[in-house]
Peer 1: 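My questions will all concern the structure given below.
Values below: all heavy atoms of this structure, side chains included; hydrogens, waters and symmetry mates excluded. As the structure is a computational prediction, the values presented were derived from the model and not from experiment.
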Amino acid sequence: MAGSSHRRGVPITGINVTPLVDIVLVLLIIFMVTAKLVVSNAIPMDLPKAATGGEVQQVFSVSLAADGSTLVDGETVEDVQAIFKSAKAALERSAEVRAVVQADGEVPHRRVMAAVDALRQAGLARIAFGVDPAPPIEGGGE
């Protein structure tokens, strides 16, 4: 064996792990720095700010049911154009209005995207999706 300093048949009794530890620590620092940079730009969030709990946010609710009906703030509307008009009117009343889209699981993706597109065209940029809490998946962390 070229470069070997021990004789054949003699077991290795000590392993120098210092180079391995040095490499692992350098990689850990590199991953920590790059992870911070990647995550901070990947998911921009518009978090609400509050100094006190007195101010109430305006919420514009759009509900899409599986039977094809659409509710805007509890009122039945006919089509996407009505969502656009209602969103425009809500923005005129309050510039800080936020939209929440609640769609049944059976609603086609096309209807959901049409509603979101109508909200964006009306000028609503703060759009969230309503969900029902579900139990955690068993064995998900293994």
Peer 1: Can you list, by chain and residue number, the hydrophobic cluster partners of V26 when the side-chain cut-off is 4.5 Å?
Peer 2: I30
Peer 1: Please list all pairs meeting side-chain hydrogen bond (donor to acceptor under 3.5 Å, both in side chains) that have one or both residues in residues 11-33, counting only residues at least two apart or in different chains.
Peer 2: N16-T18
Peer 1: What residues join I23 in its hydrophobic cluster, counting side-chain heavy atom gaps under 4.5 Å, either direct or through other members?
Peer 2: L27, F31
Peer 1: Which pairs pass side-chain hydrogen bond (donor to acceptor under 3.5 Å, both in side chains) with one or both residues in residues 71-92, sequence neighbours excluded?
Peer 2: none
Peer 1: So, for V100 and G130, which heavy atoms are closest and what is the spacing to 0.1 Å?
Peer 2: CG1-N, 3.9 Å
Peer 1: Output the rest of the hydrophobic cluster of V24: all Ile, Leu, Val, Met, Phe, Trp and Tyr residues reachable through side-chain heavy-atom contacts under 4.5 Å, sorted by chain and number.
Peer 2: L20
Peer 1: Is M32 isolated, or which residues cluster with it under the ILVMFWY side-chain rule of less than 4.5 Å, directly or via members?
Peer 2: L28
Peer 1: Below 3.5 Å, can you tabulate the donor-acceptor pairs from side chains in residues 102-113 to any protein atom, sequence neighbours excluded?
Peer 2:
residue, atom, partner, partner atom, Å
Q102, OE1, S63, OG, 3.4
D104, OD1, E106, N, 2.8
R111, NH1, A65, O, 2.8
R111, NH2, S69, O, 3.2
R111, NH2, T70, OG1, 3.1

Peer 1: Tell me whether V80 is reachable from V62 by hopping between hydrophobic residues (I, L, V, M, F, W, Y) whose side-chain heavy atoms are closer than 4.5 Å.
Peer 2: no
Peer 1: For L91, give me all partners under side-chain contact (heavy atoms from CB on, under 4.5 Å), at least two apart in sequence or on another chain.
Peer 2: V97, L124
Peer 1: When you look at I83 and V77, which way does the side-chain contact (heavy atoms from CB on, under 4.5 Å) test go after all the steps?
Peer 2: CA-CA 7 Å; I83 296 173; V77 296; 4.3 Å; yes
Peer 1: Between F60 and R98, is a side-chain contact (heavy atoms from CB on, under 4.5 Å) present by the stated rule, with each step listed?
Peer 2: CA-CA 6 Å; F60 182 79; R98 295 173 186 267; over 6 Å; no
